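First comes the structure, then the notes that go with it.
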Amino acid sequence: MVARALRRWGYRVFYVQNVTNLDDKLIARAAQEGIDPLALAERHYLGYALAMERLGVRSVNYYPFATDFVPEIVDQIGRLVAAERAYAAPDGSVYFSVAKFPDYGRLSGQRVEALRPGARVEVEKGKRAPEDFAIWKGATPGEPSWPSPWGPGRPGWHVEDTAMTLRLLGDQYDLHGGGLDLIFPHHEAEIALAESTTGHAPLVGYWMHAGMLELAGEKMSKSIGNIVALDPAIASVGPGALRLYYLNAHYRSPIAFDPAKSLPEAREAYARLAQPLERIEAIVERDGSDRPGADLPADLVREAGELPEKLDAALSDDFNTREAIALLFGWARRLAEVSGSLEGLAGAGLLELRAPYDWAREVLGLFERGRNPPEEGWARIVPVAIAARARARARGDFAEADRIRTELAAAGIELEDEGTGTRWRAPETR
RNA sequence: GCCGAGGUGGCAGAAUGGUUAAUGCGACGGACUGCAGAUCCGUUUCCUGGGGGUUCGAUUCCCUCCCUCGGCUCCA
């Protein structure tokens, strides 16, 4: 959403999302399954990329893999060691010397003296100070490793990202995102590593830290392993409803996920929002956008014209997506009031009424045209069934009419009777 | 213990130093319907964690306490 908005506002955006494709857990799991850790990482990445595609997250320009940047990482570590900002330990690991970077802790508000060593992770031997962190991990037999001046090993987590961004984005860049849980130590470490390497500060102009998705009071996280709900969630309510759910709160706020209620609620809200758009598009698709008809009432012209401006204003207030969504609901309600007269309007007017929805499509990624359209088979079969049901109803055979509706429902097809006829909808079309 | 993010109606979740604190879900009532659903209209007065303070006025600013979540340096 941020990348979409910035691009709309004329910024040139190059969006990099780093992929850590080798870590302790991956190595352990791969050993368990008897496969190559990098292949396992590739499999995870593909699953992630597929889910993002289905969610309509297509703004990322490049997903660099950490292990493709080992030369850059080794080079950066070399510069840090040469500048005595880092040191090699006897076991072949290299540590960054936190004491040599006075700004350490500035981003997170932490004071180095106040940290509690070993709170969660065992303190390693070979460090000169407990707050130092590994940027090169000496090789363990049987695990992937690369040669380096300090012996074979693999990159530490923090340095991967800075080596990639120094190469891809330069010494300084504008925006860095991430979850609130990454501020310390990871983002703190990125700042220390990059600024110590290049001498240029600040590394990042703006940090955007997103609130956690809390599942039953606990953050949802790949580390805990309770993230499995993403694919089923997309499948159950569709990508649009899921995006609406995420965008329904300010990015910095934690959002409470209730497995029983959150997704159905998002689905209902999304359906309400999409309803007027579906009506408009049904007419335009049927008659074309140049269909003749009545002009739009002046007040509607004005409102439709002003809304995108208001939506941009809402979003430019620290990306207040909820405010924008509230405006969209207001527009949906406004259109509902005039739904009876839509049929008489000219195509040009209908397109004007659609403008706020076009904004939402571009910036929020909602209302994307069916990437998973109903199978052609359905499009042939369902109208036939509907006609049969209409005949059954006309002759008063409601048992047969209900049987047809039930049968279609079992296949996931929903029927809705309206004054003019019966509409049908396949699940997951949007 | 320290650092950070939060605490708003039944639920989710915005906003603001000032007349009725958005929006959505849910609930309730009505219209429509053979029924159901969807849709449309309306209602939902008692909601800003506790306690102090500043102010004519605080949900908003200050202090303090409580609660939830995250982090505390090789989990990423």
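Please read these numbers as outputs of a predicted model, since none were measured by experiment. Per chain, numbering begins at 1; letters A, B, ... match sequence-line order.
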Seminar exercise, completed: For RNA chain B, consecutive-pair runs of 3 or more (Watson-Crick or G-U wobble, both H-bond-type distances under 3.5 Å) give B:1-7 with B:66-72, B:10-12 with B:23-25, B:26-31 with B:39-44, B:49-53 with B:61-65
Exercise. Aromatic rings Phe319(A) and Trp9(A): how do their planes relate, parallel, tilted or perpendicular, breaks at 30° and 60°?
Worked result: parallel
For this session: Could you pull out all residues at least two apart from Tyr62(A) that satisfy ring-ring contact (aromatic ring centres under 6.0 Å, His included)?
Result: none
Exercise. If you look at every strand shown and take non-hydrogen atoms under 4.0 Å, does Leu328(A) touch a base, only sugar-phosphate, or nothing?
Worked result: nothing
For this session: Starting at the 5' end of nucleotides 20-27 of chain B, put B wherever the base has a protein heavy atom under 4.0 Å, S where only the sugar-phosphate does, and a dash everywhere else.
Result: --BBBSS-
Exercise. Which of these nucleotides, G13(B), G34(B), A38(B), is closest to any side-chain atom of Arg389(A)?
Worked result: G34(B)
For this session: For His158(A), report the nucleic acid contact type (base, sugar-phosphate, nothing); a contact means any heavy atom under 4.0 Å.
Result: nothing
Exercise. Touch check for Asn320(A), heavy atoms < 4.0 angstrom, all strands: base, sugar-phosphate only, or nothing?
Worked result: sugar-phosphate
For this session: For Tyr104(A), answer base if it contacts any base atom (sugar-phosphate contacts may also be present), sugar-phosphate if it contacts only those atoms, and nothing otherwise; contact means non-hydrogen atoms under 4.0 Å.
Result: base
For this session: Would you jot down, in residue-number order, the residues of residues 133-143 of chain A having a non-hydrogen atom under 4.0 Å from RNA chain B?
Result: Phe133(A), Ala134(A), Lys137(A)
Exercise. What interatomic distance, in whole Å, is found between P of G10(B) and the corresponding atom of U19(B)?
Worked result: 22 Å
Exercise. If every non-hydrogen atom of Ala192(A) is compared with every non-hydrogen atom of Tyr104(A), which pair is closest and at what distance?
Worked result: CB-CD1, 3.9 Å
Exercise. Closest nucleotide of RNA chain B for Arg154(A) versus for Gln275(A): which of these residues is on the 5' side?
Worked result: Gln275(A)
Exercise. Any idea how Tyr270(A) and Phe367(A) line up, ring-wise: parallel (<30°), tilted (30 to 60°), or perpendicular (>60°)?
Worked result: parallel
Using atom names, set out every protein N or O paired with an N or O of nucleotides 3-8 of chain B below 3.5 Å, distance rounded to 0.1 Å.
residue : atom : partner   : partner atom : Å
C3(B)   : O2'  : Ser108(A) : O            : 2.3

For this session: When you get a sec, tell me which of G34(B), C41(B), A76(B) is the closest nucleotide to the side chain of Phe398(A)?
Result: G34(B)
Exercise. Between the base of A38(B) and the side chain of Arg423(A), is there any donor-acceptor pair under 3.5 Å?
Worked result: no
For this session: Tell me, please, whether Phe101(A) has Arg85(A) positioned over its six-membered ring: NZ or CZ under 6.0 Å from the ring centre and within 45 degrees of its axis?
Result: no
Exercise. If you check every side-chain atom of His250(A), which of G37(B), A76(B), A14(B) has the closest atom?
Worked result: A14(B)
Exercise. For residues 259-270 of chain A, which residue pairs qualify under salt bridge (charged side-chain N to carboxylate O under 4.0 Å, His left out), counting only residues two or more places apart or in two chains?
Worked result: none
Problem set entry | Ring centre gap for His187(A) and His158(A) strictly below 6.0 Å | no
